[in-house]
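Keep in mind that the numbers below use all heavy atoms, side chains included, and drop hydrogens, waters and symmetry copies. Numbering of ligands and ligand atoms starts at 1, following listing order.
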Amino acid sequence: MLYTASNPEDETQHLLFHNQFISAVKYVGWKKERILAEYPDGRIIMVLPEDPKYALKKVDEIREMVDNDLGFQQAPLMCYSRTKTLLFISNDKKVVGCLIAEHIQWGYRVIEEKLPVIRSEEEKVRFERQKAWCCSTLPEPAICGISRIWVFSMMRRKKIASRMIECLRSNFIYGSYLSKEEIAFSDPTPDGKLFATQYCGTGQFLVYNFINGQNTT
Ligand code: COA
């Protein structure tokens, strides 16, 4: 969070944000956890809407904190009773990753803009961050919508988001492994777009809920 240290109102806001963050990421552990995968640096658990209240409360706290971190209004979930939330729990008992997925029927393909002549990888990332994205208005069938995906800033680029999506693909529908073509990202941020392009192996991945993006035919 950006704030002015000498401004009392800003400082209060910062303190509130900090406290909300600390409390949301703290994870004491539950007796019954739905563990999807275990790694040397942590584990991925899944929370479903029918789970005990304490688990749903934690998911709510995390979602609120993620929405604050993303800094813009997120689209409400389509059908709460069918959402699946994956949390990446670090070995030091913190929620360092969160993915909220929902059932969708349609996605819209991102239209890739031609890149100007770009020399370095850094320039490419800068360009990708700045430009608005456009998508087709032609609906394509999709199954799983990634409503939110977030990784704690200090833990990014360690494949936590990639591992959460891998787990999601094999656990979203019982007995089947979703293809990358069946997944769509909700209104991706610049980070989300860079990630999805890499993960899907194409800049023409599917999106839905595009509030902030630009929609073209
Ligand atoms: N810039 C450029 N490439 C990126 C990137 C970034 N910010 N984030 C991911 N990638 C690409 C890289 O190629 C990366 O592989 P590499 O590190 O070996 O180069 C690959 O995607 C896999 O990334 P991964 O480590 O699995 O992603 P992550 O755990 O860092 O999480 C986000 C990615 C987007 C979830 C994370 O940056 C984040 O939480 N951002 C803030 C919230 C947000 O914007 N969410 C997206 C909503 S759509």
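Counting only heavy atoms of the protein, atom 29 (O) of ligand 1 lies nearest to A161 N, 3.0 Å. Nearest protein heavy-atom neighbour of atom 13 (O) of ligand 1: Q198 CG, 3.1 Å. Of the protein's non-hydrogen atoms, R157 CD, 3.7 Å is the one closest to atom 8 (N) of ligand 1. Here the heavy atom of the protein found nearest to atom 48 (S) of ligand 1 is P188 CA, 3.6 Å. With respect to atom 26 (O) of ligand 1, the closest heavy atom belonging to the protein is S162 OG, 2.5 Å. Atom 23 (O) of ligand 1 has F195 CD1, 3.6 Å as its closest protein atom, hydrogens excluded (heavy atom only). The shortest contact between atom 38 (C) of ligand 1 and any protein heavy atom is with R156 NE, 3.3 Å. In terms of protein heavy-atom proximity, atom 25 (O) of ligand 1 is nearest to K159 N, 2.7 Å.
The contact set between ligand 1 and T189, taken as ligand atoms under 4.0 Å from a residue heavy atom, comprises 43 (C), 44 (O), 45 (N), 46 (C), 47 (C), 48 (S). Heavy-atom contacts of D191 reach the following atoms of ligand 1: 7 (N), 34 (C), 37 (O), 40 (N), 41 (C), 44 (O) (cutoff under 4.0 Å). Below 4.0 Å from some heavy atom of K158 lie the following atoms of ligand 1, by number and element: 25 (O).
More than 12 heavy atoms of other residues, nucleotides or ligands sit less than 6.0 Å from atom CD of Q20.
Counting only distance, with no hydrogens or angles, the side chain of R43 and the backbone of I89 share no donor-acceptor pair below 3.5 Å. The backbone N or O of P188 sits nowhere less than 3.5 Å from a side-chain atom of K193 that would complete a donor-acceptor pair. Formation of a donor-acceptor pair under 3.5 Å by the R169 side chain with backbone atoms of I165 is not found in this model. Looking at R148, its side chain never comes within 3.5 Å of a backbone N or O of I100 through a donor-acceptor pair. Using modelled atom types, no side-chain atom of D67 and backbone atom of E64 make a donor-acceptor pair closer than 3.5 Å. With hydrogens and angles disregarded, a donor-acceptor distance shorter than 3.5 Å links the side chain of S120 to the backbone of E123. N171 contributes no side-chain N or O that, together with a main-chain N or O of L36, makes up a donor-acceptor pair within less than 3.5 Å.
At least one heavy atom of W150 sits less than 4.0 Å from an atom of ligand 1.
Between Y39 and F88, the ring planes are parallel. Angles under 30° get that label, and only those over 60° would be called perpendicular.
Geometrically, K180 engages Y199 in a cation-pi contact, judged by NZ or CZ lying under 6.0 Å from the ring centre and within 45° of the ring axis.
The proximity of L70 to ligand 1, defined as any non-hydrogen pair under 4.0 Å, is limited to the side chain. When non-hydrogen atoms are compared, ligand 1 lies under 4.0 Å from neither the backbone nor the side chain of R163.
At least one N or O atom of V151, backbone or side chain, sits closer than 3.5 Å to an N or O atom of ligand 1. Looking at D187 next to ligand 1, no N or O pair under 3.5 Å apart turns up.
In summary, of the residues considered (K57, R63, K58), a side-chain hydrogen bond (donor to acceptor under 3.5 Å, both in side chains) with D60 occurs for R63 alone.
Distance check for atom 32 (C) of ligand 1: every protein heavy atom is found at 4.0 Å or beyond.
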